[in-house]
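Side-chain atoms are counted along with the backbone in the values below, which use heavy atoms only and exclude waters and symmetry mates.
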Protein chains: 2
Amino acid sequence: MRGTPAVSIRDVAVRAGVSVGTVSNVLNQPEVVAAATRVRVLAAISELGFVPNDAARQLRRGRSRTLGLVVLDVANPFFTDVAKGVEYATGQAGMAVIFCNSDGDPAKENAYLDLLEEQRVQGVLITPVNTPINGLDNRLHRLRNRGVRVVLLDRRSTQSDLCSVSVDDRLGGELAMRHLIEKGHRRVAFVGGPHDLEQVRDRYDGVVQALATFGLSEGQHLRRLETPALTVAAGRDAAARIVGTPREGRATAVFCANDLLALGVLQGLTRQHVRVPDDIALVGYDDIDFAAAAAVPLTSVRQPRASLGQTAATLLLEEANDPDHHRHRQVVFEPELIVRESSDRPAGHAAG
Amino acid sequence: MRGTPAVSIRDVAVRAGVSVGTVSNVLNQPEVVAAATRVRVLAAISELGFVPNDAARQLRRGRSRTLGLVVLDVANPFFTDVAKGVEYATGQAGMAVIFCNSDGDPAKENAYLDLLEEQRVQGVLITPVNTPINGLDNRLHRLRNRGVRVVLLDRRSTQSDLCSVSVDDRLGGELAMRHLIEKGHRRVAFVGGPHDLEQVRDRYDGVVQALATFGLSEGQHLRRLETPALTVAAGRDAAARIVGTPREGRATAVFCANDLLALGVLQGLTRQHVRVPDDIALVGYDDIDFAAAAAVPLTSVRQPRASLGQTAATLLLEEANDPDHHRHRQVVFEPELIVRESSDRPAGHAAG
DNA sequence: ACGAAGCAATGAATCGTTTCATGGAACTGG
DNA sequence: CCAGTTCCATGAAACGATTCATTGCTTCGT
């Protein structure tokens, strides 16, 4: 009942009446083996149900067939979509992904990096917990020195000695704000925070940029509501603050630094019987699946999530396959504004 | 610049002036090594930055330190939460998880199982694409015969030779329906499908059971709307059908087989200016995070997702650590009704 | 008919660990 | 002082694959 003793390449060799080297050749470079022999070996493999032991192969070859993906939160749809992109690219190349969840905790991140190093992964795709300000953090640096390739995910590498794949957050903010301005909104609230998150800052800068483009002053047309986190609860609170202000000075549109905030704002507004988009327009960021699924479908800035993952994986494989000619690249994707009902009405046309 | 040649246990041995066996002992059973020696070896390890090669260890030991998790969809919050539970349990035990996404495609599932077999994983936690009607499907059977332990996730094993971890869907349906009946609803729509999904059927059966408990007839009080899938779009369509029926005969409450459907129904109703819960009460299933985040917070049946994953992993580790005394178990969790605003109003009290 | 060349297959060495039989040193008690 | 224990450390074998120098056959050209 307990597992049958594992079948090794040696058993296959015996069964097929050839040497182990030949079996290995059938597996790895079938073209050098005579057709008749190959057929015989394949038959033996299938009769015995032989499955190669990857540990042995890896040991001999010196490198593994896997790569690590370290994200901040598995439960975040953003990262699962990125993961799908990674999976797609690696699947094509016959590689496996070890999916790790740092949960934003540096200790967990470290533990996973250790594990990945023990696994001798070909490389690591990572959204680091601590944004590497000046080049890489020590830990990642050490990894690289050991021959583990590193690609930053959703983070822009400031140094050119490292591949990175990110999205232009400034542009995203600008797109969203231009849309609201064009719809006629002149009092807009920006909801997001903490403001020292690079992504929040960049999106805000884009907003300011859009105002400038239209010759509108920041002080007069923009109100910034800082939140303690990018969560639904924080959005709900922000909505309360917005509704709390007298109607005359109240923003006619809200742009949130991510969709969770926007969903929270929507919930808060709904609770206070403020209608979206009739009374207040709403724009989110990320275009997670639930943005389109909201009670009022949410306008949002879409990031090419799957492409992010796929490109990151491709860069890594590229470097792995030809380390000598590899030039590190910093790929920056452009986000796209998806207009839906939550902002699709000219400002000030509240239908009673 | 390219990676330094890897440091092996032999280098550590030389540096510390001991034999390789001793270094290995420091790593695996420190207590048998004299304190002074141990200190010296540990110093050498840290000076050289030695990281053990897991492939070699695995090859020698014959088993790996990893386990596979195969789910139907990484992007589904249900599975990511399960994954978190798995991760928690395995992290405790110092094991790694290879997270695989079958996407409901038998071919992908198969490819991943091959890969996991090559990795010689200790075991596999899987929600199989094809529900194993009579015991295991061939593929999983073969795996088991090879010594790979298998635990079914979110599927009940009908045979006692296999561990499984699932949730009582019938009870979940019953809880939801009792709640609606107690709130005074007497015309309820059940939205879900396709009806040959076991989970949909079980939840429906629970609903019928609840009606019976209250002595209410199925024909008179229940209307079943079958959907082609458990998606937001399908929910939206269902809402249109509900709103399409004349007010007198219209359901006063809707129970959806999952939260995606419920969110779709909510969207559809909102679009038609039907208010929830004032005009129609709404109950979902799964209690995904976005249920609480909906414009009208959704009542839903919560499944202990993380516990599912954690328990599955624990069962597997248990079996792995002591195969001889292991008794296969089929764990069935109880779901819990989380009442929120979407159903928290007595029937027929529409506020104008 | 003989040497060269080409093609297939061989089998030993190797990767980095763990494991375990063996050995030596240091103690113990009589 | 010796036999018996205990305690540590040693070093070679083994895990299952890949790799490559070597060998054995054919075939070909002359």
Review point. If you look only at pairs with a residue in residues 48-62 of chain A, which of them pass as a salt bridge (charged side-chain N to carboxylate O under 4.0 Å, His left out), with sequence neighbours excluded?
Key: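 Only A/Asp54-A/Arg65 qualify under salt bridge (charged side-chain N to carboxylate O under 4.0 Å, His left out).
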
Point to revise | Of all pairs that satisfy salt bridge (charged side-chain N to carboxylate O under 4.0 Å, His left out), the ones with a partner from residues 69-96 of chain A, not counting sequence neighbours | key: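 Sorted pair list: A/Asp73-B/Lys84, A/Asp81-A/Arg305, A/Lys84-B/Asp73, A/Lys84-B/Asp103, A/Glu87-B/Lys108.
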
Exercise for review: Under the side-chain contact (heavy atoms from CB on, under 4.5 Å) rule, what do B/Phe79 and A/Thr80 come out as? Steps first, then yes or no, please.
Suggested key: CA-CA 11 Å; B/Phe79 286 115; A/Thr80 55; over 6 Å; no

Check your understanding: Roughly how far, to the nearest 0.5 Å, is the CG atom of B/Leu116 from the CD atom of B/Gln122?
Key ->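 So the gap between those two atoms works out to 12.5 Å.
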
Practice item. Decide yes or no on side-chain contact (heavy atoms from CB on, under 4.5 Å) for B/Val165 and B/Leu125, but give the supporting numbers first. Key: CA-CA 10 Å; B/Val165 178; B/Leu125 307 176; over 6 Å; no

**Study point:** Audit row: A/Thr314, A/Thr311, side-chain hydrogen bond (donor to acceptor under 3.5 Å, both in side chains) steps and yes/no
**Key:** CA-CA 5 Å; A/Thr314 305; A/Thr311 305; 5.8 Å; no

Practice item. Compute the bend angle of the helix from C/dA1-D/dT30 to C/dG30-D/dC1 from the end axes (five pairs per end), rounded to 10°. Key: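 Answer rounded to 10°: the end axes differ by 40°.
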
Under 3.5 Å, sequence neighbours excluded: what are the donor-acceptor pairs made by side chains of residues 91-98 of chain A?
none

Output all residues satisfying side chain to side chain contact (heavy atoms under 4.5 Å, CB included) with [X], sequence neighbours left out; order by chain, then residue number.
| X | result |
| --- | --- |
| A/Ser166 | A/Arg156, A/Val332 |
| A/Ser102 | A/Val70, A/Leu72, A/Glu109, A/Val129 |
| B/Ser164 | B/Leu152, B/Ser157, B/Gln330 |
| B/Val51 | A/Glu117, A/Glu118, A/Arg120, A/Arg142, A/Arg146 |

Practice item. Only pairs at least two apart or in different chains count here, so list each side-chain hydrogen bond (donor to acceptor under 3.5 Å, both in side chains) that has a residue in residues 36-52 of chain A. Key: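 Those involving residues 36-52 of chain A are A/Arg15-A/Glu47.
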
Check your understanding: With the sugar-phosphate defined as primed atoms, P, OP1 and OP2, and the base as all remaining atoms, what B/S/- string results for nucleotides 18-28 of chain D, 5' to 3', for protein heavy atoms under 4.0 Å?
Key -> BB---------

**Study point:** Separation of atom CG in B/Leu59 from atom C1' in D/dA14, rounded to whole Å
**Key:**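 Roughly 9 Å, once rounded to whole Å.
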
Review point. How long is the line joining CZ of A/Arg10 and C1' of D/dA14, in whole Å?
Key: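 Taking CZ of A/Arg10 and C1' of D/dA14, I get 11 Å after rounding.
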
**Study point:** Close residues, residues 32-49 of chain B, relative to DNA chain C [heavy-atom separation under 4.0 Å]
**Key:**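 Those residues whose heavy atoms fall under 4.0 Å from DNA chain C, taken from residues 32-49 of chain B, amount to none.
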
Point to revise | Where chain A begins and ends its contact with DNA chain C, read 5' to 3' at 4.0 Å from heavy atoms | key: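 Answer, 5' to 3': C/dA8 to C/dG16.
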
**Study point:** Shortest non-hydrogen separation from B/Ser8 to B/Phe50 and the atoms involved
**Key:**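 Here B/Ser8 and B/Phe50 meet closest at C-CE1, 3.6 Å.
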
